[in-house]
Amino acid sequence: MLVELRAENYAVIDHAIASFGPGLNLLTGETGAGKSILVDALALLMGGKSSSDLVRHGAEKAVVSCVFESTPGAESVLEQNGIDAEGSDIILRREILSTGKGRVFVNNQPATVVVLKQLAPELALVHAQSESLSSFDSSQQRILLDRFAGISTDAVAEAHARWRAAQDKLTDLLQGEQDRLRMVDLWTYQRKEIEQARLEPGEDETLETEKRVLANAEKLYAAALSAFDQLYEGGSSAEAALRAAIRNVEELSRYDARFTESVQQLASARAIVADIGAALRDYAERVSASPERLAEIEDRLALLDRLKRKYGKTVAEVIAFGEEVARKLAEVEDRDDILKALRADLEQAAAAYRKAASALTAERQAAAQKLAKLAEAQINSLAMKSRFHVAVTPVESTEAGAKSESAGKGSLVSGHDFSRAEKGTKEDGALAPAAESNSETAHWTEHGWDQVEYRIATNPGEPIKPLIEVASGGELSRVLLALKVAVEESSSKNRKKTTPRTLVFDEIDIGIGGRAADAVGQKLKALGRAQQVLCVTHLPQIAAFADQHLAVEKREDHGRTQTRIRVLDDRARTHEVARMLSGAEVTDTGLQHAAQMIAASR
C-alpha cells in the first residue's frame, strides 16, 4: 500500500507530506486547496507525463516522492532493471526542472520513466478527475474486460506479428516488381563482374604482405643471411659463444652443483639460437626477386581496389554484395515459385491468426457475461435500477458483419475465403497487389478483432444503449465506480497477492448526492476492506465512511500560498464533516449531524 506521499514546489504546493493507512483514505478540503494536485503528483510517480508548468513559480525544480510497501511483482521489476531493493519498501522520486528536463529515482538509484510505468501496475491504479467518456473508449473498455478476466493477448499478438511479416514480404515483392525488372541488367553486370574476379576472403591482406616481400627482396635476403651469420655461421656467432660458455659452466658445475641448472639453460638457449638460425637460412633461400609475380600481384590488388570502391570497403563486403545481387536475380528468375511460397506462408499465418483471435473472442464473450452480471449488481447497489450488458463483437470483416447480421448469427465468428482476397489475380503476367486494402483484414490487430462495448439501460422499460449515449454525469460516475469495483475485486482474487494494490479515485462522486452518495460511500468502504483506497471527495455522506480522514488546507504566508495536510482525529474529523454539511460556519446542529453520520457509517 501507499505509506507516504511528498510534494515540494509542485504546482501551488510549496511543501506537503501526506501519510496514509490501510482501508479507505479520504482527502477533503476547500476547492483549490490542492487535493487533486496530490492525486496528479501520484500519477506522475506512476509514469505520467511531466511538464515544466508543474514547477511552482519562482522555484528551480519540483520534487514529488512516495513510499510504497513492496510486493513480489514490484521486486521482480526492480531485479529486471538492475535496481537494488530497500528492505520492505519501494521509494519513488521524480524531479522536474524549470527547463522541462527531469530525473527519476527508484530506491535512491537513477532510473527512467519506463521503470515507473512497469512498477505502476504492481503499486497503484490512479483514476484521475479528467477521466470521462471521451477516454473510456472501445479500447479502454476492452482493456478493462481483459483485466477483469485476466485474459492474455500474447498468443494473438504473436500470430498477428507473423501474419503482418508475411503480408509485408508479399507486398514488398509485388510493389517492387517494376523496379526489380529495371535493375535486372545492372544486377546481371554486377554479378558477372564479381564472379569473374573469383574473390577469396582476406586475399587483399595476403597479397599486400607478399607485395612488400617482393618489392624488398634484396633487403630481406641480406638481412636474413646477416642474422644467420651472427647467430650461427660466423666465427664470432652467438652459437659459438654459447658453446664456449657451456664448456666453462660445465667445468664449474663439476665443483659447484649450483651451476647445473645454468648449464641446462645455456643448452636450451643454444638450441633456440640454432632453430632461429635454420629458419633464417631457409627464409633467405626462398627469397627471390620476381618482377613478373610482383606485376601480377599489383594488377590483382588494383582490381580488388576497383571492386571495393564500387561494392564495399572490404573483400568480404564485395562478396556479400555479389551474393545479395545473385539473390535478387534469383527472385526475379524464380518469381512464380517465390510468390507461391509467400502466398502459402501468408495463408498459413492468416489461418493461425484466425484461430488465435477466435479463441480470444470466445474467452472474452464468456468473461463479458460474468462482468455484466457482477457490474449490474454493483451498479444497482449504488441507488440505480439498471440493466447492464457487455457486447463483444468480432469485427472479422465488413462483409462478415453483413453476412452474420443477415443470417441472424449475432456476434458469432464466421469463416471466409482468405485465399481469394490474398492471392489477387494474374493480369498481364503480374500479380495484383494483395490484401493491403482488404476489408477482411482491416480490423485485425495485435489485440484481436473484437469490439467491446458497454451498454446500459438506466431506467426500467428503456432499451439498452451504449454507455456513452445514455449515462448522465452522476450515473457515469457510479457506473465507472461499479465497474472498477467489480474488476478490481476479481483481479485481486486472480492475483492472490498478500499486499493489495492501491486504488486512487479523484472526485468519483461528481454529479451525485443524497442516497446515491451514501451508496457510493458504502461501496468505497467495502472496497477498502480488501485494498487500500484513496479518494478525493466533496460529499460529507462519503467522507463519513473514512478509515483515515486527511484534510488538505491552504493558507497565505508572506504573500504566497502554502498547503498543509493533516490526519484528523475523531474530533477534528467530526468538525470537517460538519463543515462539509454546513459550509463556512459550523453549527451545533451540523456537528450533531456529522457525528450521527460517522456513527452510522461504522
Given the rule in the side-chain contact (heavy atoms from CB on, under 4.5 Å) test, do Ile37 and Val12 qualify, once you have shown the distances and angles that lead to the verdict?
CA-CA 8 Å; Ile37 293 175; Val12 298; 3.5 Å; yes
Does the pair His538 and Thr28 meet the rule for a side chain to side chain donor-acceptor pair (under 3.5 Å), with working shown?
CA-CA 6 Å; His538 287 286; Thr28 63; over 6 Å; no
What's the verdict on salt bridge (Lys or Arg N to Asp or Glu O under 4.0 Å) for Arg455 and Glu453, showing C-alpha distance, side-chain angles and the deciding distance?
CA-CA 6 Å; Arg455 301 171 182 173; Glu453 185 178 61; 2.7 Å; yes
Evaluate side-chain contact (heavy atoms from CB on, under 4.5 Å) for Leu119 paired with Leu78, printing each intermediate quantity in order.
CA-CA 8 Å; Leu119 285 169; Leu78 296 181; 4.2 Å; yes
Given side-chain contact (heavy atoms from CB on, under 4.5 Å), test Ile90 with Leu92 step by step and report yes or no.
CA-CA 7 Å; Ile90 292 180; Leu92 309 180; 3.7 Å; yes
Could you go through the salt bridge (Lys or Arg N to Asp or Glu O under 4.0 Å) check for Arg387 and Glu376 one step at a time?
CA-CA 6 Å; Arg387 288 176 294 134; Glu376 183 176 291; over 6 Å; no
Stepwise side-chain contact (heavy atoms from CB on, under 4.5 Å) check, Phe505 with Leu524
CA-CA 10 Å; Phe505 297 104; Leu524 290 170; 3.9 Å; yes
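In this structure, Glu158 and Asp154 have side chains that are not in contact, with every pair of non-hydrogen atoms separated by 4.5 Å or more. Residues Val115 and Val104 are not in side-chain contact: their nearest non-hydrogen atoms beyond the backbone lie 4.5 Å or more apart. In this structure, the side chains of Asp547 and Lys525 come closer than 4.5 Å at one or more pairs of heavy atoms. At a threshold of 4.5 Å between non-hydrogen side-chain atoms, the residues Leu374 and Phe148 count as touching. Leu550 is not listed as a side-chain neighbour of Leu568, based on a closest heavy-atom distance of 4.5 Å or more. His447 has its side chain out of reach of Val156: every pair of non-hydrogen atoms, C-beta onward, lies at least 4.5 Å apart. For the pair Tyr10 and Leu38, the minimum side-chain heavy-atom distance is 4.5 Å or more. Two residues are said to be in side-chain contact when any heavy atoms from C-beta on lie closer than 4.5 Å; His575 and Val586 meet this criterion.
Side chain of Ser76 to backbone of Pro72: no donor-acceptor contact under 3.5 angstrom is found. The closest donor-acceptor contact from the side chain of Gln109 to the backbone of Asp84 lies under 3.5 Å. Formation of a donor-acceptor pair under 3.5 Å by the Tyr353 side chain with backbone atoms of Thr445 is found in this model. A distance-only check finds a donor-acceptor pair linking the side chain of Glu317 to the backbone of Lys313 [under 3.5 Å]. Here the side chain of Gln118 pairs no donor or acceptor atom with the backbone of Val77 at under 3.5 angstrom. Remark: side-chain polar atoms of Ser51 are paired, donor with acceptor, to backbone N or O of Asp53 under 3.5 angstrom. With Tyr454 contributing its side chain and Pro466 its backbone, the two residues share no donor-acceptor pair below 3.5 Å.
Nearest approach of Val64 to Ala41, heavy atoms of both residues: CG1-CB, 3.8 Å. Shown here for Phe68 and Ala124, the closest heavy-atom pair between the two residues is CZ-CB, 3.9 Å. A pairwise comparison of heavy atoms in Ala111 and Val106 identifies CB-CG2, 3.7 Å as the closest pair. The shortest non-hydrogen separation linking Ile13 to Ala16 is CG2-CB, 3.6 Å. Of all non-hydrogen atoms in Ala578 and Ala594, the two that sit nearest each other are N-CB, 3.6 Å. For Ala482 against Ala375, the heavy-atom pair with the smallest separation is CB-O, 4.2 Å.
Taking CG of Leu346 as the start and CZ of Arg164 as the end, the distance is 10.0 Å to the nearest 0.5 Å. Here NE2 of His593 is found 5.5 Å from CG of Leu581. Values are rounded to the nearest 0.5 Å. With rounding to the nearest 0.5 angstrom, the CG atom of Leu44 is 6.5 Å from the CG atom of Leu54. The line from NE2 of His160 to CD of Glu446 is 7.0 Å long, rounded to the nearest 0.5 Å. Here Asp450 contributes atom CG and Ser138 contributes atom OG; the two are 9.5 Å apart, rounded to the nearest 0.5 Å. To the nearest 0.5 Å, atoms CG (Asp506) and CG (Asp40) are separated by 6.5 Å.
Side-chain N/O atoms of Gln451 and Thr393 include no donor and acceptor closer than 3.5 Å. Side-chain contact check for Gln532 and Thr502: at least one donor-acceptor pair (N or O, by modelled atom type) lies under 3.5 Å. No side-chain N or O of Gln592 forms a donor-acceptor pair with one of Asp588 less than 3.5 Å apart. Side-chain contact of Asn25 with Gln548: a donor-acceptor pair under 3.5 Å is present, judged by distance alone. There is a side-chain donor-acceptor pair under 3.5 Å between Ser70 and Glu75. Looking at Ser381 and Lys523, their side chains do bring a donor and an acceptor atom within 3.5 Å of each other.
No more than 12 heavy-atom neighbours from other residues, nucleotides or ligands sit within 6.0 angstrom of CD on Glu79. By the 6.0 Å contact criterion, CD on Gln348 is open, its count of non-hydrogen atoms from other residues, nucleotides or ligands being 12 or less. Counting heavy-atom neighbours within 6.0 Å of Lys370 NZ, excluding the residue itself, gives a total of 12 or less.
Classification of Glu4 and Arg6 as a salt-bridged pair holds, one side-chain N sitting under 4.0 Å from a carboxylate O. Taking 4.0 Å as the cut-off between side-chain N and carboxylate O, Arg56 and Asp14 do not count as a salt-bridged pair. Looking at Arg162 and Asp345, no side-chain N of the basic residue comes within less than 4.0 Å of a carboxylate O on the acidic one, giving no salt bridge. We find that Arg573 and Glu576 are not joined by a salt bridge, their nearest charged nitrogen and carboxylate oxygen being 4.0 Å or further apart.
Results of the salt bridge (charged side-chain N to carboxylate O under 4.0 Å, His left out) test with Glu30 over Lys554, Arg579, Lys35, Arg555 single out Arg579 as the only residue that passes.
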